[in-house]
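Here the structure comes first, spelled out in C-alpha coordinates, and everything after it is commentary.
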Amino acid sequence: MHRRYLIAFTFLLCTLISTLQPGYAAKKGYVAPEQVPGATLVSAAEAKALYDAGVVFIDVRSPRLHTRRHIPGAVHLDLKDTFDEESLAKVAKKDQQLVIYCSGIKCSRSSTASAEAVSWGFNKVHYFRGGIVEWRDAGYPVETSELEADEK
(Lines give C-alpha, C1' and ligand atoms only; values in the text may rest on other atoms or scores of the structure.)
Protein backbone atom coordinates (compact mmCIF):
# COMPACT_ATOMS: atom_id res chain seq x y z
CA MET A 1 0.00 0.00 0.00
CA HIS A 2 2.78 2.42 0.92
CA ARG A 3 4.53 1.57 -2.31
CA ARG A 4 1.50 2.72 -4.33
CA TYR A 5 1.46 6.04 -2.48
CA LEU A 6 5.17 6.43 -3.04
CA ILE A 7 4.80 5.73 -6.76
CA ALA A 8 1.84 8.12 -7.04
CA PHE A 9 3.70 10.81 -5.10
CA THR A 10 6.81 10.37 -7.25
CA PHE A 11 4.72 10.63 -10.42
CA LEU A 12 2.99 13.80 -9.21
CA LEU A 13 6.28 15.33 -8.12
CA CYS A 14 7.91 14.60 -11.49
CA THR A 15 4.90 16.05 -13.30
CA LEU A 16 5.08 19.20 -11.20
CA ILE A 17 8.81 19.59 -11.71
CA SER A 18 8.50 19.13 -15.47
CA THR A 19 6.02 22.02 -15.63
CA LEU A 20 8.31 24.34 -13.66
CA GLN A 21 10.65 25.12 -16.53
CA PRO A 22 13.02 27.99 -15.92
CA GLY A 23 10.87 30.46 -17.75
CA TYR A 24 11.39 33.82 -19.30
CA ALA A 25 8.14 35.31 -18.11
CA ALA A 26 7.84 36.89 -14.74
CA LYS A 27 4.48 36.05 -13.15
CA LYS A 28 1.25 34.95 -14.75
CA GLY A 29 -0.34 37.98 -16.35
CA TYR A 30 2.99 39.83 -16.53
CA VAL A 31 3.31 42.39 -19.31
CA ALA A 32 6.69 43.95 -20.08
CA PRO A 33 6.97 47.68 -19.40
CA GLU A 34 6.37 49.97 -22.34
CA GLN A 35 9.42 52.05 -21.50
CA VAL A 36 12.82 51.50 -19.95
CA PRO A 37 14.38 54.76 -18.70
CA GLY A 38 17.41 55.61 -20.82
CA ALA A 39 16.53 53.14 -23.58
CA THR A 40 14.59 53.70 -26.79
CA LEU A 41 11.53 51.52 -27.36
CA VAL A 42 11.48 50.09 -30.89
CA SER A 43 8.79 48.31 -32.89
CA ALA A 44 9.47 45.36 -35.19
CA ALA A 45 9.71 47.69 -38.20
CA GLU A 46 12.18 49.95 -36.40
CA ALA A 47 14.16 46.93 -35.22
CA LYS A 48 14.28 45.63 -38.79
CA ALA A 49 15.65 48.98 -40.02
CA LEU A 50 18.34 48.80 -37.32
CA TYR A 51 19.06 45.18 -38.28
CA ASP A 52 19.44 46.18 -41.95
CA ALA A 53 21.83 48.95 -40.85
CA GLY A 54 24.06 46.36 -39.14
CA VAL A 55 23.24 47.22 -35.52
CA VAL A 56 24.20 44.56 -32.97
CA PHE A 57 21.26 42.48 -31.69
CA ILE A 58 21.45 40.87 -28.25
CA ASP A 59 19.23 37.88 -27.45
CA VAL A 60 18.91 37.56 -23.65
CA ARG A 61 16.70 34.46 -23.61
CA SER A 62 17.68 31.04 -22.31
CA PRO A 63 20.03 28.87 -24.38
CA ARG A 64 17.13 26.52 -25.16
CA LEU A 65 14.95 29.29 -26.59
CA HIS A 66 17.83 30.91 -28.46
CA THR A 67 18.76 27.59 -30.09
CA ARG A 68 15.16 26.94 -31.03
CA ARG A 69 14.66 30.27 -32.84
CA HIS A 70 16.53 33.59 -33.03
CA ILE A 71 17.16 36.62 -35.20
CA PRO A 72 20.01 35.80 -37.61
CA GLY A 73 23.34 37.13 -36.38
CA ALA A 74 22.06 37.95 -32.90
CA VAL A 75 24.59 37.59 -30.10
CA HIS A 76 23.32 35.29 -27.38
CA LEU A 77 23.92 36.58 -23.84
CA ASP A 78 21.59 34.72 -21.49
CA LEU A 79 20.35 37.23 -18.90
CA LYS A 80 20.63 34.67 -16.11
CA ASP A 81 24.09 33.40 -17.01
CA THR A 82 26.28 35.33 -19.46
CA PHE A 83 24.79 38.84 -19.63
CA ASP A 84 27.03 41.22 -17.72
CA GLU A 85 28.88 44.45 -18.41
CA GLU A 86 32.06 42.70 -19.50
CA SER A 87 30.35 40.33 -21.94
CA LEU A 88 28.25 43.13 -23.40
CA ALA A 89 31.35 45.32 -23.81
CA LYS A 90 32.94 42.54 -25.88
CA VAL A 91 30.23 42.88 -28.54
CA ALA A 92 29.33 46.58 -28.39
CA LYS A 93 30.99 49.83 -27.39
CA LYS A 94 29.17 51.99 -24.87
CA ASP A 95 28.35 54.60 -27.53
CA GLN A 96 27.34 52.02 -30.15
CA GLN A 97 23.70 51.25 -30.96
CA LEU A 98 22.42 47.88 -29.82
CA VAL A 99 19.04 46.16 -29.77
CA ILE A 100 18.10 43.95 -26.84
CA TYR A 101 15.27 41.44 -27.21
CA CYS A 102 13.70 38.40 -25.62
CA SER A 103 10.46 36.48 -26.25
CA GLY A 104 7.99 39.35 -26.39
CA ILE A 105 5.69 41.32 -24.14
CA LYS A 106 5.23 38.47 -21.65
CA CYS A 107 8.98 38.25 -21.14
CA SER A 108 10.80 40.30 -18.52
CA ARG A 109 14.35 39.68 -19.71
CA SER A 110 14.76 42.40 -22.36
CA SER A 111 13.47 45.18 -20.10
CA THR A 112 15.76 44.02 -17.28
CA ALA A 113 18.76 43.70 -19.61
CA SER A 114 18.06 47.09 -21.23
CA ALA A 115 17.92 48.77 -17.81
CA GLU A 116 21.17 47.09 -16.78
CA ALA A 117 22.92 48.10 -20.02
CA VAL A 118 21.85 51.71 -19.49
CA SER A 119 23.10 51.59 -15.88
CA TRP A 120 26.49 50.38 -17.14
CA GLY A 121 26.78 53.44 -19.40
CA PHE A 122 25.58 52.04 -22.74
CA ASN A 123 23.81 55.07 -24.15
CA LYS A 124 22.25 53.83 -27.40
CA VAL A 125 20.19 50.93 -26.14
CA HIS A 126 17.12 49.97 -28.16
CA TYR A 127 14.57 47.99 -26.16
CA PHE A 128 12.71 45.66 -28.52
CA ARG A 129 9.74 44.88 -26.31
CA GLY A 130 7.92 42.75 -28.92
CA GLY A 131 10.97 40.50 -29.25
CA ILE A 132 11.25 37.39 -31.37
CA VAL A 133 7.47 36.90 -31.44
CA GLU A 134 6.77 40.30 -33.01
CA TRP A 135 9.78 39.87 -35.33
CA ARG A 136 8.59 36.47 -36.55
CA ASP A 137 4.97 37.63 -36.89
CA ALA A 138 6.15 40.51 -39.09
CA GLY A 139 7.68 37.94 -41.47
CA TYR A 140 11.29 38.92 -40.82
CA PRO A 141 14.08 36.31 -41.07
CA VAL A 142 14.47 33.85 -38.24
CA GLU A 143 17.04 31.11 -37.79
CA THR A 144 15.64 27.90 -36.35
CA SER A 145 17.15 24.74 -35.00
CA GLU A 146 16.93 21.51 -36.97
CA LEU A 147 14.32 20.30 -34.47
CA GLU A 148 12.17 23.40 -35.08
CA ALA A 149 12.54 23.01 -38.85
CA ASP A 150 11.49 19.35 -38.61
CA GLU A 151 8.31 20.32 -36.75
CA LYS A 152 7.06 22.47 -39.63
Side-chain angles (χ1 to χ4, degrees), residues 13-152:
L13 184 61
C14 289
T15 302
L16 177 64
I17 290 171
S18 69
T19 62
L20 295 175
Q21 304 169 0
Y24 50 86
K27 296 179 181 178
K28 185 176 182 177
Y30 173 84
V31 177
E34 292 185 16
Q35 295 292 326
V36 172
T40 303
L41 176 69
V42 292
S43 66
E46 292 164 322
K48 178 66 163 75
L50 292 164
Y51 177 83
D52 291 341
V55 171
V56 175
F57 273 61
I58 309 294
D59 181 345
V60 293
R61 298 173 304 147
S62 70
R64 179 181 63 83
L65 292 175
H66 174 80
T67 299
R68 183 173 174 205
R69 178 185 309 120
H70 60 271
I71 295 171
V75 176
H76 182 238
L77 296 176
D78 179 5
L79 180 67
K80 294 184 179 181
D81 186 36
T82 56
F83 184 83
D84 57 28
E85 185 175 3
E86 183 180 338
S87 62
L88 189 56
K90 288 180 182 177
V91 296
K93 294 182 174 124
K94 292 196 175 189
D95 62 348
Q96 182 180 353
Q97 293 190 87
L98 60 114
V99 176
I100 298 176
Y101 76 94
C102 61
S103 294
I105 65 168
K106 293 184 179 182
C107 177
S108 62
R109 289 182 177 219
S110 61
S111 60
T112 301
S114 294
E116 287 182 356
V118 168
S119 76
W120 297 328
F122 289 85
N123 56 24
K124 295 183 181 174
V125 176
H126 297 279
Y127 164 47
F128 183 18
R129 181 176 183 251
I132 191 70
V133 172
E134 188 178 326
W135 181 271
R136 181 199 62 210
D137 290 351
Y140 300 141
V142 173
E143 287 183 353
T144 59
S145 68
E146 289 180 22
L147 176 63
E148 179 77 9
D150 290 343
E151 291 175 0
K152 291 181 178 178

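All values reported here derive from a predicted model rather than from experimental measurement. We're numbering straight along the sequence, starting at 1.
Distance CG/Leu98 to CZ/Phe128: 14.0 Å, rounded to 0.5 Å. Distance check, rounded to the nearest 0.5 Å: CG of Leu41 to OG of Ser111 gives 11.0 Å. Atom CG of Leu50 sits about 5.0 Å away from atom NE2 of His126, to the nearest 0.5 Å. Separating the CG atom in Asn123 from the NZ atom in Lys93 is a distance of 13.0 Å, to the nearest 0.5 Å. The NE2 atom of His70 lies 9.0 Å from the OG1 atom of Thr144; values are rounded to the nearest 0.5 Å. For the atom pair CD1 of Ile100 and CZ of Phe57, the computed distance is 11.0 Å after rounding to the nearest 0.5 Å.
Judged by distance alone, the side chain of Ser87 and the main-chain N or O of Thr82 form a donor-acceptor pair under 3.5 Å. The main-chain N or O of Pro141 is found under 3.5 Å from a side-chain atom of Trp135 such that the two form a donor-acceptor pair. A donor-acceptor pair under 3.5 Å is formed between the side chain of Ser119 and the backbone N or O of Glu116.
Of all the heavy atoms in Ala74 and Tyr101, the pair that sits closest is CB-OH, 3.5 Å. Listed here is the closest heavy atom pair of Cys102 and Val60: CB-CG2, 4.1 Å. Closest of all the heavy-atom pairs between Val91 and Val75 is CG1-CG1, 3.8 Å. Nearest heavy atom pair, residue Asp95 against residue Lys124, reads O-CD, 3.1 Å. The two residues Tyr51 and Ile71 have their closest heavy-atom pair at CE1-CG2, 3.6 Å. When every heavy atom of Val125 is checked against every heavy atom of Ala117, the shortest pair comes out as CG2-CB, 3.9 Å.
Side chains of His66 and Asp59: a donor on one and an acceptor on the other come within 3.5 Å. The closest side-chain donor-acceptor pair between Glu46 and Ser43 falls under 3.5 angstrom.
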Go through it in stages, so that I can follow the logic: the residues are Glu134 and Tyr140, the test is side chain to side chain contact (heavy atoms under 4.5 Å, CB included), and I'd like the CA-CA distance, side-chain angles, deciding distance and then a yes or no.
CA-CA 9 Å; Glu134 188 178 326; Tyr140 300 141; over 6 Å; no
Under the side chain to side chain contact (heavy atoms under 4.5 Å, CB included) rule, what do Asp78 and His76 come out as? Steps first, then yes or no, please.
CA-CA 6 Å; Asp78 179 5; His76 182 238; 4.0 Å; yes
How far apart are the C-alpha atoms of Phe83 and Leu88, what are their side-chain angles, what is the distance that settles it, and do they pass the side chain to side chain contact (heavy atoms under 4.5 Å, CB included) test?
CA-CA 7 Å; Phe83 184 83; Leu88 189 56; 4.0 Å; yes
Please evaluate residues Lys94 and Glu85 with respect to the criterion salt bridge (charged side-chain N to carboxylate O under 4.0 Å, His left out), reporting the C-alpha separation (whole Å), side-chain torsions for both, the decisive distance (0.1 Å), and the verdict.
CA-CA 10 Å; Lys94 292 196 175 189; Glu85 185 175 3; 2.6 Å; yes
Is there a side chain to side chain contact (heavy atoms under 4.5 Å, CB included) between Arg129 and Val31 once you walk through the steps?
CA-CA 10 Å; Arg129 181 176 183 251; Val31 177; 3.1 Å; yes
